[in-house]
Amino acid sequence: MSQTTSGGADGASTIHMPVVEEQTEGLPPGFGDGLAGKLAFLIAVAFSVFQLYTAAYGNLPSQVVRAMHVGFLLLLGFGLLANLRMTSKAAKALYWTFGMLGFATGIYHWVLYNELIMRSGFLTTPDLIVGTVLIVLVFEATRRLMGLPLAIIAFIFLGYCFIGNHLPPPFIHRGYDFSQIVDVFAYGVEGIYGTPIYVSAAYIFIFVVFAAFLERAGMIALFNDFALGLVGSWRGGPAQVCVLSSALMGTISGSGVANVVASGQFTIPLMKRFGFRSAFAGAVEATSSMGGQIMPPVMGAVAFIMAETLNIPYAAVVKAAIIPAVLYFGACFWQVYLEAGKANLRGMDKASLPNPWEAVRKHWPLVLPLAALVYLLFAGYTPIFAGTMGLALTIVLILGTPLAALIGPLAFRVVFWIALGIAAASFVEYGVDILSLVIGALIVACLLFKGGRETLQICVDSLAEGAKNALPVGIACAIVGIVIGTLTLTGIASTFIGWIISIGENNLFLSLILTMLTCLVLGMGIPTIPNYIITSSLAGPALLHLGVPLVVSHMFVFYFGIMADLTPPVALAAFAAAPMAKESGLKIGVQASKLAIAGFVVPFMAVYTPALMLQDPGPIAAAYGYPVEVFYIVAKACMGIVLWGAAAVGFLVARAAWWERLIAFAAGLLLVLALPLTDEAGWLLAFAWIGWHWWRARQAAAMAA
C-alpha cells in the first residue's frame with residue numbers, strides 16, 4: 001500500500017512513499033513531506049542497495065563497509081529527525097548538516113583507506129577533527145533515536161578514559177591522551193567500528209530488510225490467520241492467538257517492542273473483548289512479543305552478534321536457544337490457559353475462524369524463503385550468505401507473482417514457477433551472479449506492464465522501510481562500541497570480572513544473581529542488543545571461569561536482557577502495551593513478570609544442567625546416554641512450569657488456596673534446584689500436590705451438584 005507524492009505539477013517526478021502503520025523506535029511513521037521527504041526516502045533505498053551489494057559481492061574492505069554503514073546511519077537518522085521531529089527551518093537545516101557530516105566521515109575512511117592504515121596510531125589534524133566529529137555525532141544520534149539512558153551510559157565510559165587516571169584503586173588506569181582515545185574509538189576495530197557495527201553491517205541489516213520484504217509480501221497476515229485458526233478456539237483463545245502469532249513473528253523480527261506496537265493493536269482489544277483483564281491482556285502481548293527475541297532463527301539479531309563474539313557457528317547458537325524458546329512460549333500458553341480457566345473464559349467460535357491449513361495452502365510460497373534461510377543456516381553457510389539468499393528468494397517470489405497472474409492455464413503457471421524456482425535455486429551451484437540475473441530479468445519483465453510496475457514499487461518501499469527499521473539497531477551497535485572500546489583500552493572489565501569470580505568461588509548462585517541484577521538494571525534504560533554486548537563483555541568471562549559453559553553464560557546474559565523489558569519499574573515492552581490496554585504500565589509489568597516465569601527460571605537451570613541448552617552432558621548422560629538426560633531435564637523444567645504457573649495464577653483444575661500455591665511453588669523450586677535428593681523430593685511433592693488438588697476439586701464439584 002502506498003501513497004503518491006508528486007515533485008511537480010505534471011507529476012513527472014513522482015515517488016511512491018510507503019504508508020507505515022507502526023513506529024520505528026524514536027521516530028514517527030513515514031519519511032517526511034515534500035522534497036526533504038523524497039530525499040530521505042531515496043537515501044534509505046540507497047542505503048539498502050549499498051548493503052545488499054556489499055553483502056552479495058563483498059569486494060570492499062571490511063573497515064570501509066563499517067565506516068560507510070555508520071555514515072549512512074547518521075545521514076538517514078539525522079535526515080529523518082530533521083523531517084519528522086524538528087519544527088523550525090534552522091533546526092531542520094542543522095540536523096541535515098549533521099547527517100551530511102556523518103556521511104562525510106564514511107567517505108573520508110573510504111577515500112583515505114590506505115593512508116589511514118599506513119599512519120595508524122599517528123593521526124593528523126584532519127584525522128583528529130573527523131574522528132571527533134564522528135564520536136560527537138554518534139552520541140547525538142543515540143540521544144535522539146535511542147533516548148538519554150544509553151547515551152549517558154556510553155558517556156560515563158568515555159569520560160572514564162579521560163579521568164580514570166585520577167581515580168583511586170582499583171579504578172585507576174595509566175591515562176590516555178586525546179589523540180589515542182580518538183584513534184581507538186573512531187579508527188580502530190575496538191571502538192565505533194568494532195564487532196557490533198560489523199555484525200550490524202554484515203548480518204543484522206540484511207535480516208531486517210528480509211523481514212520488511214516478508215511483511216510486505218503478506219507474512220504477517222499468514223501468521224495471524226494461522227494462529228487464529230489453530231488456537232483461537234482453545235480456552236482463552238484470543239490470548240493464545242497472541243502468544244502463537246508473536247512467536248511466529250519472532251522468527252523474522254528483530255525488535256520485541258516494535259512487535260508489541262504492531263500486533264498489540266489487534267490482539268489486546270480482542271483479548272479484552274473476550275473477558276481478559278486489561279493488565280493481563282497487555283502482559284500477554286508484552287511477554288509473547290519480547291519472547292519472540294529468543295525464537296530462532298533471527299533471535300532479535302543477538303544470535304549473529306553472539307556467534308561472531310564467541311567465534312562459533314550460528315547454528316550452535318540456535319541449537320542452544322531452541323529448547324528454552326519452546327519452554328518460554330509453553331509457559332505463556334499454560335498460564336493463559338489457567339487464567340482463562342480461573343475466569344471461566346471460553347475460546348472463540350470455531351466456525352467464525354479461518355482454517356489454518358487453508359491459510360497455509362493459499363500463502364505457502366511465503367514460507368519458502370524462510371525455509372531456505374533456515375536450511376542454509378543449518379547447512380553451514382554463513383549468516384550473511386543465508387540472509388542475502390533468503391532475501392533474494394523473497395524478491396524473486398514477489399516479482400514473479402504478477403507475471404504468473406498473466407498466465408492463463410494453471411499448468412503453464414505451474415511450469416513457470418518450477419522454471420523460476422530451478423533458476424533461483426541454482427545459486428547454490430553457480431553463485432550469486434545467476435540469482436542476480438534472474439532478478440534482473442524479472443525487473444525488466446515487470447517494467448513492461450502496470451501491475452508489474454506496482455510490484456516493483458512494493459520492493460522499493462520495502463528497501464526503504466528496511467533501512468529505516470535498521471536505524472535503532474545500527475545506532476545502538478555504534479554507540480556500544482564506545483563501551484567496548486573503554487573496556488579494552490582501560491582494562492576495567494578485569495576488575496568487574498574479578499569481583500564476580502571472587503564471589504562465585506564461594507557461591508556460584510550469588511554470582512548468577514549479581515549478573516542477573518546487572519542485566520536487569522542495565523536493561524531498564526537500554527535495548528537488548530547493547531545490554532547483551534556490555535554485560536556479556538563484563539560477566540561472560542567471569543562465568544566461564546567459574547565453570548559455566550561459554551554459550552550458556554552468554555545465553556544467561558541475553559535472556560535477562562530481554563527480561564529487563566518486562567520487569568518493573570521501567571519495563572519498556574509493558575509501557576508500550578499500556579496505551580492499547582488502557583492500563584498502567586506498572587500493572588502490566590507485574591503481570592508480565594509472572595507470565596515470563598520460564599524466562600527467569602530456564603537460564604538458572606541451564607547453568608546447573610547445561611543439557612537444557614544442548615550443551616555439556618552431565619552425570620545422567622554418563623549413565624544412560626545424552627538423549628535421556630535432555631529428555632529428563634526438559635521434563636523437569638515442564639513440571640516446574642506447570643507448578644509455578646498454578647502457583648502464580650492460583651488455579652489448576654479449580655481455584656487453589658494460598659497454602660496450596662505455596663506448596664506448588666516449593667515443589668517447582670525443588671525440581672529446579674540441582675542438589676542431591678531435591679529432584680526426588682520435588683517429583684514426589686509435585687505428584688502428591690496434583691493428586692490432592694484434583695481430588696479436592698472433584699469433591700467440591702460433587703458437593704455443588
Side-chain angles (χ1 to χ4, degrees), residues 235-236 239 276-277 279-280 283-284 287 327-328 330-345 507 509-510 512-513 516-517 520 559-560 563 566-568 586-609 612 632-704:
R235 180 199 285 178
F276 284 99
R277 293 174 290 116
F280 187 80
V284 171
T287 306
L327 290 175
Y328 183 96
C332 291
F333 276 118
W334 174 242
Q335 291 208 58
V336 165
Y337 185 81
L338 294 178
E339 182 74 23
K342 183 179 179 180
N344 197 29
L345 301 177
N507 193 323
F509 185 72
L510 286 180
L512 296 176
I513 292 293
M516 177 188 75
L517 293 176
L520 293 177
Y559 278 31
F560 283 110
M563 291 302 104
L566 300 174
T567 310
L586 191 61
K587 290 182 179 178
I588 292 175
V590 171
Q591 290 292 327
S593 298
K594 294 180 182 178
L595 277 169
I597 191 168
F600 289 95
V601 175
V602 167
F604 281 94
M605 288 188 69
V607 168
Y608 291 102
T609 52
L612 190 63
Y632 175 74
I633 298 301
V634 171
K636 195 168 69 155
C638 289
M639 180 57 79
I641 288 171
V642 167
L643 293 167
W644 280 5
V649 176
F651 184 89
L652 185 62
V653 294
R655 289 181 178 268
W658 66 267
W659 57 269
E660 287 185 289
R661 297 169 74 172
L662 283 178
I663 293 174
F665 178 82
L669 184 63
L670 288 171
L671 287 171
V672 169
L673 295 174
L675 301 174
L677 299 179
T678 53
D679 278 10
E680 292 85 344
W683 284 112
L684 184 64
L685 187 58
F687 285 122
W689 181 83
I690 291 172
W692 155 260
H693 180 82
W694 180 80
W695 177 82
R696 188 181 67 79
R698 288 287 300 271
Q699 292 292 106
M703 291 178 62

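For this chain, numbers begin at 1 and follow the sequence in order. Because only heavy atoms are used, hydrogens play no part in the values below, and waters and symmetry mates are left out as well, while side chains stay in. None of these values were measured; they are calculated from a predicted model.
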Student check: side-chain heavy atoms of Leu517 and Phe560 closer than 4.5 Å: no
I'd like to know if the side chain of His693 reaches the main chain of Ala656, judged simply by a donor and an acceptor atom lying under 3.5 Å from each other, with no hydrogens or angles considered. no
Can you give me the closest heavy-atom contact between Gly640 and Leu671, atom names plus distance? N-CD1, 4.2 Å
I'd like a table of donor-acceptor pairs (distance under 3.5 Å, sequence neighbours excluded) in which one partner is a side-chain atom from residues 592-609, with atom names and distances.
{"residue": "Ser593", "atom": "OG", "partner": "Leu566", "partner atom": "O", "Å": "3.4"}
{"residue": "Ser593", "atom": "OG", "partner": "Gly589", "partner atom": "O", "Å": "2.9"}
{"residue": "Thr609", "atom": "OG1", "partner": "Met605", "partner atom": "O", "Å": "2.6"}

With a 4.5 Å heavy-atom cut-off, do Ile663 and Trp692 have their side chains touching? no
Measure across Ala239 and Val336 and return the closest heavy-atom pair with its distance rounded to 0.1 Å. CB-CG1, 3.3 Å
By the salt bridge (Lys or Arg N to Asp or Glu O under 4.0 Å) test, which pairs, at least two apart or in different chains, include something from residues 633-654? Lys636-Asp679
Test ring pair (Phe, Tyr, Trp, His ring centres under 6.0 Å) applied to Tyr559 - qualifying residues, sequence neighbours left out: none
Compile the donor-acceptor pairs under 3.5 Å between side chains in residues 681-689 and protein atoms, sequence neighbours left out, one pair per line.
{"residue": "Trp683", "atom": "NE1", "partner": "Tyr632", "partner atom": "OH", "Å": "3.2"}
{"residue": "Trp689", "atom": "NE1", "partner": "Glu660", "partner atom": "O", "Å": "3.0"}

Can you find a heavy atom in the side chain of Leu327 that is under 4.5 Å from one in the side chain of Cys638? yes
Arg277: salt bridge (Lys or Arg N to Asp or Glu O under 4.0 Å) partners, not counting sequence neighbours: Glu339
About how many Å separate CG of Leu512 and CZ of Phe509, when rounded to the nearest 0.5 Å? 7.5 Å
Taking only residues two or more places apart in sequence, or in another chain, which ones meet Trp658 in a ring pair (Phe, Tyr, Trp, His ring centres under 6.0 Å)? none
Exercise: identify the closest heavy-atom pair between Gln335 and Val649: OE1-CG2, 3.7 Å
Can you confirm whether Phe280 sits close enough to Ile588 that some side-chain heavy atom of one is under 4.5 Å from a side-chain heavy atom of the other? no
Do side-chain atoms of Arg235 reach the backbone of Leu345 as a donor and acceptor pair under 3.5 angstrom? no
Does the side chain of Ile690 reach to within under 4.5 Å of the side chain of Met639, using non-hydrogen atoms? yes
